[in-house]
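First listed ligand is number 1; within each ligand, the first listed atom is number 1.
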Amino acid sequence: MNSELKSPSFLKNAQAKHGGDAAPEMPAPGYPASRMRRNRQAPWSRAMVQENGLSAADFIWPIFVADGEGVRTPVPSMPGVDRLSVDLAVEAAREAADFGIPIIALFPYTDPSLRSEDAAEALSPENLVCQATRAIKSQVPDIGVWCDVALDPYTSHGHDGLMRGSEILNDETLEVLVAQARVQVEAGCDIIAPSDMMDGRIGAIRNALENDGHTNTIIVSYAAKYASGFYAPFRDAVGSSTTLQGDKRTYQMDPANSDEALREVALDIAEGADMVMVKPGMPYLDVVRRVKDAFSMPTVAYQVSGEYSMLMAAAQNGWLDGDKVWMETLMAFKRAGADGILTYYALEAARRLKAG
Ligand code: PBG
């Protein structure tokens, strides 16, 4: 047997090609001195060399809130996900906190009669999100409450901004977003998450909050949010799939681009974002990695509704082993550099992690 410790020639070639210091260090001698399987031989050795870990503290749990009391309405395109009335949302928050999930994100199903051209309901301190925020903050104070800032659950046309004709207005929308963020923060929201992709919204909201003395409010920017087909079940859940006219490509990003994502993130950091987000998740993990490497910011990724539905459907049909693939996808986010993961599977995942 050849006991000489030498690099295989392809490694040397790789080093030569990249030249000098840029070449990665390749300390590994070839086979058989190196046998990669040694470290994989048993649970204890695999645990020792594991590079990334998952814990409940990595999760942000998005839930859907609706009118009523004691009402739980399944979302057909998201098996296992229900719209919850405020009292049940409080129970969900308590359960999440008990499992160590640090943040719950609230999305409203607004009654169609309250949707309008000007999204006035978004500014009502009595809207569902504000009610749920107040209820959760008073009864489960230890969980962080995250509120989306965008108009789509409130507009009659399903867009995230105000419209004139077929145009989605940027600057006019900013004023409404600022007012929406204000009512949410006044209701007790800890984390404001503008998800609308209008230009300048982070700076506008940050200025307003600083002026109001809300200096501790965290802003998570949906900085690199793509115009994706994977949001369809979410739009069912918030009731905007039937109302939405056209698509969101004049404000959400082209899935073909990732340099542009870095510009988006850079702008939002400069405007005062505390964390940045990439969305959707699994199909965009390359963007998560680029953003994390370029900015070293707390980086959140959103495993969106369509990703959830896809996995659930396959698992329910027995085509995939749900238990295995769920944890695998969540680990993939960590490997890509995400610090936090929004996932509708958060509670289940936390339960599984606790069970060991
Ligand atoms: C709306 C918003 C969307 C999601 C979060 N906030 C949908 C959209 O942009 O159309 C999608 C989340 C998901 O699909 O799980 N501002």
For Asp152, which part has a heavy atom under 4.0 Å from ligand 1: side chain, backbone, both, or neither? side chain
In terms of atom number and element, which parts of ligand 1 are under 4.0 angstrom from non-hydrogen atoms of [X]?
X	value
Asp160	1 (C), 16 (N)
Tyr302	12 (C), 15 (O)
Lys248	8 (C), 9 (O), 10 (O)
Ala150	16 (N)

For the CG atom of Leu209 and the CD1 atom of Ile218, what is their distance to the nearest 0.5 Å?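 Answer for the CG-CD1 pair, Leu209 versus Ile218, is 12.0 Å.
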Per [atom], closest listed option by heavy atom ([options]):
atom	options	answer
atom 14 (O) of ligand 1	Ser195, Pro62, Pro233, Ser305	Ser305
atom 3 (C) of ligand 1	Arg235, Glu307, Lys279, Met197	Lys279
atom 15 (O) of ligand 1	Tyr308, Phe230, Tyr226, Tyr344	Tyr344

Smallest separation among heavy atoms of Gln245 and His159, with atom names: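 Result for this residue pair: O-NE2, 2.6 Å.
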Would you check if there is a donor-acceptor pair between the side chains of Ser45 and Asn39 at a distance under 3.5 Å? no
Identify whether NZ of Lys or CZ of Arg in Arg115 sits under 6.0 Å from the centre of the six-membered ring of Tyr109 and within 45° of that ring's axis. yes
Is it the case that ligand 1 has an N or O less than 3.5 angstrom from some N or O of Asp196? no
Backbone or side chain, does any N or O of Tyr222 fall under 3.5 Å from an N or O of ligand 1?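 Between Tyr222 and ligand 1, no N or O pair is found under 3.5 Å apart.
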Test side-chain contact (heavy atoms from CB on, under 4.5 Å) applied to Leu262 and Asp293, Val291, Asn257, Leu267, the passing residue: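 Result: among Asp293, Val291, Asn257, Leu267, Val291 is the only option passing the side-chain contact (heavy atoms from CB on, under 4.5 Å) with Leu262.
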For Cys189, which of Gln184, Arg134, Lys137, His214 qualifies under side-chain contact (heavy atoms from CB on, under 4.5 Å)? Gln184
Tell me the protein heavy atom at minimum distance from [atom], and give that distance in Å.
atom	answer
atom 6 (N) of ligand 1	Asp148 OD2, 3.2 Å
atom 2 (C) of ligand 1	Lys225 NZ, 3.3 Å
atom 12 (C) of ligand 1	Phe234 CD1, 3.3 Å

Looking at Asp254 and Arg249, is any side-chain nitrogen of the basic one under 4.0 Å from a carboxylate oxygen of the acidic one? no
List the steps, then state whether ring pair (Phe, Tyr, Trp, His ring centres under 6.0 Å) holds for Tyr344 with Phe59. CA-CA 9 Å; Tyr344 300 96; Phe59 303 141; over 10 Å; no
Check the angle between the aromatic planes of Tyr222 and Trp146 and answer parallel, tilted or perpendicular using the 30° and 60° thresholds.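 Taking Trp146 first and then Tyr222, their aromatic rings stand perpendicular (interplane angle over 60°).
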